[in-house]
Amino acid sequence: MVTEVEISPREAGVLELVGAHLSNAEIAARLCISVRTVESHVSSLLRKLEVPDRRALARRAPEPADAGPSRPAPVLPAPLTSFVGRVSERAELTGMLKAHRQVTAVGPGGVGKTRLALAVAAEAAGAYSDGVWFVDLVPVTDPDLIATAVAGALGLGEQPGRDMTESVVAALADRHALLVLDNCEHVVDGVALFLERLLATCPRVAVLATSRARLMVPFERVYPVPPLSLPVDGESDAVALFMERAAAVGRSLDPALRVQIAAICERLDGMALAIELAAARCSTLGLDGIAAALSHPLRMLTGGSRADERHRSVRGALDWSHALLEPADRALLRRVSVFVAPFTAVAAAEVAGGEEGVVADGLARLAEQSLLVVTASPGGTEYRALETIRQYGVERLSEAGELVDTRSRHLRWCLARATGLAVAREDRRAGFDAVADDLRAALAWAADRPEQRTDAYDLARHLAELTFARNLIGESQGRYEQAAALTDDPAAGAAMLRQAAAVASCRMHGDDMYRLRRAAADAARRAGDTAGAACDLATVAANAYRFSSKFVRKLPREEAVALITQARELGGDDPAAQAAVALAEAGRALTELGAAPGLSDDAVPMTIARAERAVELAHRTGDPLAESAALDTLTCAQSWAGDTFAAAGTARRRITLLSSTPDTPAGTHELIEALGEATEASLGTGDLPGARRWARQLADHPLLAEVGHRATGWLLVADTLAGDVEEILTGSVRFLDAWQRAGGPARSVLGPPAAAVATIHGLRDDQDAWREWSAVLHQLDPSPGNTCGYGAIFDAMLLLHRGQAPEALERLAPEPGEVWQWVTWIWLHWYVALRAETAVLARSSDAGDRLAEARTVVAGNPVATAIVERAQALLDDDQERLLATADAFDAAGCRYQSARTLVLAGGDHAARGAAALADLGFAPMALPRHP
């Protein structure tokens, strides 16, 4: 009987997005809720829909609808899953799990370890506030991908700056959860390393593993899974399982036959899989036929330990069941055993050979005999073999001499799927997830066979591209490196290593970026491409300058100089090499400029000239990524020089250049960096619409989905300056949630958004939230940027809102020229304008001088100019001029300052301004107090 399950509208929204193969962080961003809330909903859905893992849950998701998540929740059928008996075993294993953090259920294949573990986990779910998560390790062929499999089950993506294990451990650090790792035996070493790290870092996480052998990790407690109980008197789990499975295939048995059934089960040693295979034949052979068929093969199972006999019992049952198949069905079973993930009839026809209709009929017959499991999926009916049966099929495939041919067809099928996905745009994520395990397995087989190296190289290259698009960037880097190792062409190897270096840059792993580019240079030289090697060496130096914060080992100055010199000698007059060398030289000049205050007056112009030369040479090559890198250096040089508008113009030029580039790793890295830089530069010029546009693109970039604090940071700043409270309240949830999940790192770049959010809560007079965010800010950034840069500006805004002009004046006391350029370059116009306004509102004697100076500095910045004009109107008591600035603020997209202007205007205007502030979500504004 199928039961009906009610799920809430919010759960329906989460389920649909799980079906779209989004991670928890992506779902949280889409629904504007925390990641922990998403985890809770997913855990609830797993229980309600009675499915073991996230993959099965995705198959239960409805087709995407045009309606939003507020539509009525669907009523979904919950499958009736049977688990027979094992009362004492469940109690024993549950007790062990309560007493110990890591328990391994061990036993031979077919004894029922997985079903027992799932039953125990389901019963224990209520004891774990953060859920129970099931991870099937059968498809994992690489021990290094254990964490990737766990992350997929948990709904985690990889965080740039962390490897996948670090991302998983960080996500579970404070969770009270049970992790079920199923089928560990073939990747024991990888599981052991993963568990040691997990259990040492996550004190409230427990692990239940299943394996044919113990894992040999600290604190492991082993539970040997016994066969099903066999006594005829009283309850017999083995008999109950046989009767239930026989009924499922259309043969309900009379309870009076229990003695005969028990004899069959005893002959099968109570092994669950063997019993199920025998029961599946009941409708055609009857009990007498089954007993007779089993007698001969199982008489041969003598000698050895009882555990060995049980293992042989399953093998014997498989041999017997296999022997009863028609020859064509035997061939089909062994050939489809190369699939490690669920497969369709179409895929089976391609790999096994034969017409699709004939193969589909054969698959149905194998399913009827319990040799395949049938599952429904959005793409149609899928089949899979239990791991014990799959391994048996592979053995038979080898015995038949068909292993190489069948795996070769599987490899070609995987190559075709990978090639198609590489060019697809629609449903690429779901398509990749459906075949990813098979792609990895095919590559693992082909990589060790010299005659398959060409196909293995192609598959590794495609897999690198697909995993990057899937945001599995750690695996992507590894696959590019694997592709480089598989090719005999050093030029192709160099290309792959450059791609790997670009992925490393997206991962914020500067040291890998350095290593891989150096390796690419070596490969290029072996290929006779000295110009390419020169570009690689120069890029190593340029990246060390451009992305110094991503390096653990800082590149010594002498080494950088040597790299540039060597690149210049190798590159000769090659245009690309000359452009790369020029960029490295410009980066060196800029770095030296920033590190040494008090340089000669011509140091800044010379640095700008070097950067402009690098841009010119890069432009001549026609390579937009090389030109983007040069424009980045030029933007930094112009910012250093205080030329805010030139820097903004160069940053916009860079965005335009990158807008049509492909989504390669190098292009992605450049675009993310460019969007951040363009946002900063737009803020510096008072272009709030532009800043919000670039910041929104940054916040929505897929690569930053798992690092919401980095993704949303500049958008929070831009929205704060614009006065968009609702956007701040929504975005700050993602920022804080992601920052906490990342371990609360102290990063100065995260200081401005924290200060911005704190200011918004202060303007709303939410003192608790203001204190919370002020504490976050203090933890994030105690640097001069907070003290004398953005922190002073946001503090002054809040003090002025509260009518504390003298205090704001004190906060902005340092002269702009006294503050180190890197602290104030984005904020100079805001600092100067607010400093002039505070002088007027505090009735400072030098207010007129500050206004005159500020007017010159901020010319061209619409917001800063309006602030200065408003201050001048207040000083001159010019009501008409004051009200005109309100229109200027509105035109600049700065609604908060527009409303504030009306309050300062007094009279009826003040009432309108107060109403506007209230509509925006701000507390009433106080008029300035004077000493």
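Bear in mind that the values here come from a model prediction, so they are computed numbers and not experimental data.
- Using a 3.5 Å distance cut-off with no hydrogens or angles, the side chains of Gln102 and Arg221 do not pair a donor with an acceptor.
- Taking 4.5 Å as the limit, every side-chain heavy atom of Leu118 sits out of range of all side-chain heavy atoms of Val180.
- Taking all atoms of both residues into account, the shortest heavy-atom contact from Leu703 to Cys506 is CD2-CB, 3.8 Å.
- Listed by chain and residue number, nothing satisfies the ring-ring contact (aromatic ring centres under 6.0 Å, His included) test with His21 (two or more places apart in sequence, or in another chain).
- Using a 4.5 Å cut-off on side-chain heavy atoms (C-beta onward), Leu198 and Leu172 make contact.
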CA sep, side-chain torsions, deciding dist, call: Arg692, Asp724, salt bridge (charged side-chain N to carboxylate O under 4.0 Å, His left out): CA-CA 11 Å; Arg692 297 175 85 183; Asp724 197 330; 2.8 Å; yes
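- Shown here for Ala173 and Pro203, the closest heavy-atom pair between the two residues is O-CD, 3.6 Å.
- Judged by distance alone, with hydrogens and angles left aside, the side-chain atoms of Ser476 form no donor-acceptor pair with the main-chain N or O of Leu472 at under 3.5 Å.
- Of all non-hydrogen atoms in Gly762 and Leu798, the two that sit nearest each other are C-CD1, 3.4 Å.
- In terms of modelled atom types and a separation under 3.5 Å, the side chain of Glu772 and the main chain of Ala769 share no donor-acceptor contact.
- Contact check on Arg696 versus Glu727 returns a salt bridge, with a Lys/Arg side-chain nitrogen under 4.0 Å from an Asp/Glu carboxylate oxygen.
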Table please: side-chain donor-acceptor pairs of residues 739-761 below 3.5 Å, with sequence neighbours left out.
from	atom 1	to	atom 2	distance (Å)
Trp739	NE1	Pro745	O	2.8
Thr759	OG1	Ala755	O	2.8

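- A 4.5 Å side-chain heavy-atom check between Leu116 and Arg90 finds at least one atom pair inside the cut-off.
- In this structure, CG on Leu181 lies 5.5 Å from CG on Leu195, to the nearest 0.5 angstrom.
- Asp795 and Tyr790 form no side-chain donor-acceptor contact under 3.5 Å, judged by distance and modelled atom types alone.
- In this structure, the side chains of Arg204 and Arg175 stay at 4.5 Å or more apart for every pair of heavy atoms.
- Atom CG of residue Asp53 and atom CG of residue Leu46 lie 7.5 Å apart, to the nearest 0.5 angstrom.
- Judged by distance alone, the side chains of Asn24 and Glu26 never bring a donor and an acceptor atom under 3.5 Å apart.
- A side-chain donor-acceptor contact under 3.5 Å links Asp182 and Thr210.
- Under the 3.5 Å distance criterion, the side-chain polar atoms of Asp144 are left unmatched by any main-chain donor or acceptor of Gly190.
- Summarising the geometry, atom CG belonging to Leu31 is positioned 7.0 Å from atom CD1 belonging to Ile27; distances are rounded to the nearest 0.5 Å.
- From Leu721, atom CG reaches atom CG of Leu716 across 11.0 Å, with rounding to the nearest 0.5 Å.
- By the 6.0 Å and 45° rule, Arg764 does not stack over the aromatic ring of Trp773.
- Taking both residues in full, the closest heavy atoms of Leu683 and Ala691 are given as CD2-CB, 3.7 Å, listed atom of the first, atom of the second, then distance.
- In this structure, Asp737 does not pair ionically with Arg734, as no charged nitrogen and carboxylate oxygen lie closer than 4.0 Å.
- Residues Gln697 and Arg693 are in side-chain contact: their nearest non-hydrogen atoms beyond the backbone lie under 4.5 Å apart.
- Separating the CE atom in Met164 from the CD1 atom in Ile473 is a distance of 8.5 Å, to the nearest 0.5 Å.
- Nearest approach of Glu166 to Gly161, heavy atoms of both residues: OE1-O, 4.2 Å.
- Donor-acceptor pairing under 3.5 Å is lacking for the side chains of Ser43 and Ser40.
- Of the charged side-chain nitrogens involved, none lies within less than 4.0 Å of a carboxylate oxygen, so that Glu465 and Arg479 do not count as a salt-bridged pair.
- Environment of CZ in Arg101: crowded, with over 12 heavy atoms of neighbouring residues, nucleotides or ligands closer than 6.0 Å.
- Between Asp136 and Arg54 there is no salt bridge, since no side-chain N of the basic residue sits under 4.0 Å from a carboxylate O of the acidic one.
- Note: His709 and Phe735 have perpendicular aromatic rings, judged against thresholds of 30 and 60 degrees for the angle between ring planes.
- Side chains of Thr720 and Val725 form no contact here, defined as non-hydrogen atoms less than 4.5 Å apart.
- Side-chain atoms of Thr467 come within 3.5 Å of backbone N or O of Ala464 as a donor-acceptor pair.
- Here the side chain of Trp133 pairs a donor or acceptor atom with the backbone of Asp130 at under 3.5 angstrom.
- Salt bridge absent: Asp433 and Arg428 never bring a charged side-chain N and a carboxylate O closer than 4.0 Å.
- Inter-residue side-chain proximity for Thr37 and Ser34 is flagged as met; some heavy-atom pair is nearer than 4.5 Å.
- Asp437 and Val340 get closest at one heavy-atom pair: O-CG2, 3.4 Å.
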Trace of the salt bridge (charged side-chain N to carboxylate O under 4.0 Å, His left out) decision for Glu673 with Lys550: CA-CA 13 Å; Glu673 296 288 328; Lys550 298 183 180 181; 3.3 Å; yes
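- Ser167 and Glu706 share no side-chain donor-acceptor pair at under 3.5 Å.
- A salt bridge between Glu6 and Lys48 is absent, with no side-chain N of the basic residue lying under 4.0 Å from a carboxylate O of the acidic one.
- Of the charged side-chain nitrogens involved, at least one lies within less than 4.0 Å of a carboxylate oxygen, so that Arg440 and Glu475 count as a salt-bridged pair.
- Residues Leu156 and Val150 fail the side-chain proximity criterion, which asks for heavy atoms closer than 4.5 Å.
- The existence of a salt bridge linking Glu123 and Lys98 is excluded, since no basic side-chain nitrogen approaches an acidic carboxylate oxygen closer than 4.0 Å.
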